[in-house]
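Here is the structure we will look at, set down as structure tokens.
The shown structure was predicted, so the numbers you read here are calculated from the model rather than taken from an experiment. Just so it is clear, the values below take in all heavy atoms, side chains as well, and ignore hydrogens, waters and symmetry mates.
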Amino acid sequence: MSFDVDWVDAFTDKAFGGNGCAVVHDGAGLDDATCMEFVRETSLVECTFTGPSDVADIRVRYFLASRQIPFAGHPTVATVAALRHRGLISHGPLTLETGAGIVPVEMSGTSVRMTQIAPTFGARPDAALVAAVGGLSADDIIHPPRVTSTGLPFTITVLKDRATLERAQFNLGAFQTYLEALGVHGTDVMEPFWCTLEGATDQGDTFARLLMAPPSPAEDPFTGSATGAMAAYLWSEGLIESPNFVAEQGHGLGRPGQAKVEVLGPRDAIAGVVVEGRAHVLMSGTLYL
């Protein structure tokens with residue numbers, strides 16, 4: 001078997017920026033083990049596998065090296081950019097069938113604009129427990145963390161300043177304790193998404209990091225799904241004055257990424273989150289299995 005593959009850098013308009021994703025066209029029918037092996041082969045955080053859909057324009061399956069996940073942000077941007085690069089879609093709106101539901105997508109130039117589903121808000125884990133996952137203390141957190149999802153759950157954690165964000169280091173033992181306290185087992189990990197209310201550059205309004213457990217890479221350059229969850233959390237908790245802002249991530253890795261974000265609806269009735277980012281198709285080839 002052979003499949004067309006595109007390697008796309010998402011949330012950037014330049015090569016080697018943002019977050020990379022390999023898109024395997026017409027690969028949605030592959031078995032889970034093969035998909036995960038492919039992710040491990042690329043050393044990327046996530047890869048996508050597309051196919052036909054009975055309920056949307058295109059079906060997209062999202063995989064980490066360890067499991068399938070229902071949705072992910074930067075792979076969505078990468079997938080749409082790859083489909084457009086190959087002339088498989090027009091520049092009009094389209095819908096994607098994902099494990100988290102139907103995701104509407106619009107395209108404009110090199111930008112992809114996706115509307116993530118309405119958020120769900122979960123547990124408020126103890127701040128000291130969350131802080132320990134990043135080798136930090138509870139005093140470094142300025143607002144109670146909360147599990148939030150717009151398709152994939154993260155514990156959104158706002159730190160007091162950029163210096164604190166930059167010194168965060170993943171502690172696997174503390175992470176296991178944190179998961180046990182949340183009652184999370186198996187592969188359903190739920191990493192803290194560390195953020196600050198200041199940008200990495202003058203253009204940004206927030207700056208964030210996602211530190212990850214093995215077998216994934218140690219840090220994700222840009223996390224679109226977590227950015228959507230963060231936006232919903234910040235707006236619902238009254239931590240931002242405007243529902244429109246610019247999110248930044250990846251600068252400390254030398255892979256700067258940026259997204260325009262818009263939270264839809266009032267603070268107490270959020271209907272969805274729009275996350276918009278650019279993409280650069282870095283290389284294309286053929287996968288032989």
Side-chain angles (χ1 to χ4, degrees), residues 10-11 19 45-46 48 60-64 66-77 79 95-105 113-127 129-130 133-134 141 143-158 175 178-195 206 208-213 216 220 222-240 243 245 247 249 259 261-277:
F11 290 107
N19 202 352
V45 174
E46 290 146 336
T48 61
V60 184
R61 299 181 70 200
Y62 302 81
F63 278 87
L64 301 170
S66 58
R67 69 193 192 281
Q68 182 176 358
I69 56 177
F71 173 77
H74 92 269
T76 297
V77 171
T79 299
T95 54
L96 306 179
E97 177 191 350
T98 77
I102 305 299
V103 176
V105 177
R113 179 182 171 92
M114 62 180 145
T115 302
Q116 299 179 10
I117 62 175
T120 57
F121 298 101
R124 292 187 182 271
D126 180 72
L129 197 67
V130 178
V133 177
I141 299 173
H143 197 78
R146 189 169 194 182
V147 176
T148 307
S149 173
T150 54
L152 193 65
F154 298 88
T155 298
I156 309 301
T157 308
V158 184
F175 182 59
Y178 149 89
L179 290 179
E180 291 171 6
L182 284 175
V184 177
H185 304 286
T187 58
D188 295 327
V189 298
M190 191 181 301
E191 295 98 340
F193 189 60
W194 314 97
C195 62
T206 65
R209 296 178 67 196
L210 180 67
L211 308 178
M212 305 182 74
S216 293
D220 198 25
F222 199 99
T223 319
S225 52
T227 296
M230 174 189 71
Y233 167 87
L234 294 177
W235 182 239
S236 69
E237 298 283 329
L239 296 172
I240 51 177
F245 65 96
Q249 188 181 342
V261 185
E262 179 184 4
V263 186
L264 305 175
R267 296 184 190 274
D268 61 349
I270 298 172
V273 181
V274 176
V275 179
E276 179 179 351

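Contact record, H74 with D220: CE1-OD1, 4.5 Å, taken as the closest heavy-atom pair. Of all the heavy atoms in E46 and P75, the pair that sits closest is OE1-CG, 3.4 Å. Taking both residues in full, the closest heavy atoms of I141 and A127 are given as CD1-O, 3.5 Å, listed atom of the first, atom of the second, then distance. In terms of heavy-atom proximity, P125 sits nearest to L182 at CB-CD2, 3.9 Å. Contact detail for Y233 and P144: the closest heavy-atom pair is OH-O, 2.7 Å. In plain terms, the two heavy atoms of M230 and A247 that are nearest each other are CE-CB, 4.1 Å.
In terms of modelled atom types and a separation under 3.5 Å, the side chain of R267 and the main chain of W235 share a donor-acceptor contact. No side-chain donor-acceptor contact under 3.5 Å links W194 to the backbone of L211. Q249 places a side-chain N or O within 3.5 Å of a backbone atom of T223 that can act as its donor or acceptor partner. Between the side chain of R209 and the backbone N or O of C195 there is no donor-acceptor pair closer than 3.5 Å. Counting only distance, with no hydrogens or angles, the side chain of T157 and the backbone of T155 share a donor-acceptor pair below 3.5 Å. Listed for the S66 side chain is no donor-acceptor partner under 3.5 Å among the backbone atoms of L64.
Between R146 and I156, the closest side-chain pair of non-hydrogen atoms is not below 4.5 Å. Residues T206 and T227 have side chains not in contact (no heavy-atom distance under 4.5 Å, counting atoms from C-beta outward). Side-chain contact between T76 and Y62: present, with at least one pair of heavy atoms (C-beta onward) separated by less than 4.5 Å. Under the 4.5 Å side-chain criterion, counting only non-hydrogen atoms from C-beta, T148 is not in contact with F193. Residues L210 and V45 have side chains not in contact (no heavy-atom distance under 4.5 Å, counting atoms from C-beta outward). Inter-residue side-chain proximity for L152 and P70 is flagged as met; some heavy-atom pair is nearer than 4.5 Å. Contact check for F11 versus V77: side-chain heavy atoms found under the 4.5 Å cut-off.
If you run side-chain contact (heavy atoms from CB on, under 4.5 Å) between T95 and each of I102, V103, T115, V105, only I102 comes through.
For E262, the salt bridge (charged side-chain N to carboxylate O under 4.0 Å, His left out) criterion is met by R113, not counting sequence neighbours. Annotation: ring-ring contact (aromatic ring centres under 6.0 Å, His included) contacts of Y178 (sequence neighbours excluded): F175.
Note that the CD1 atom of I270 and the CD atom of Q116 stand 12.0 Å from one another [nearest 0.5 Å].
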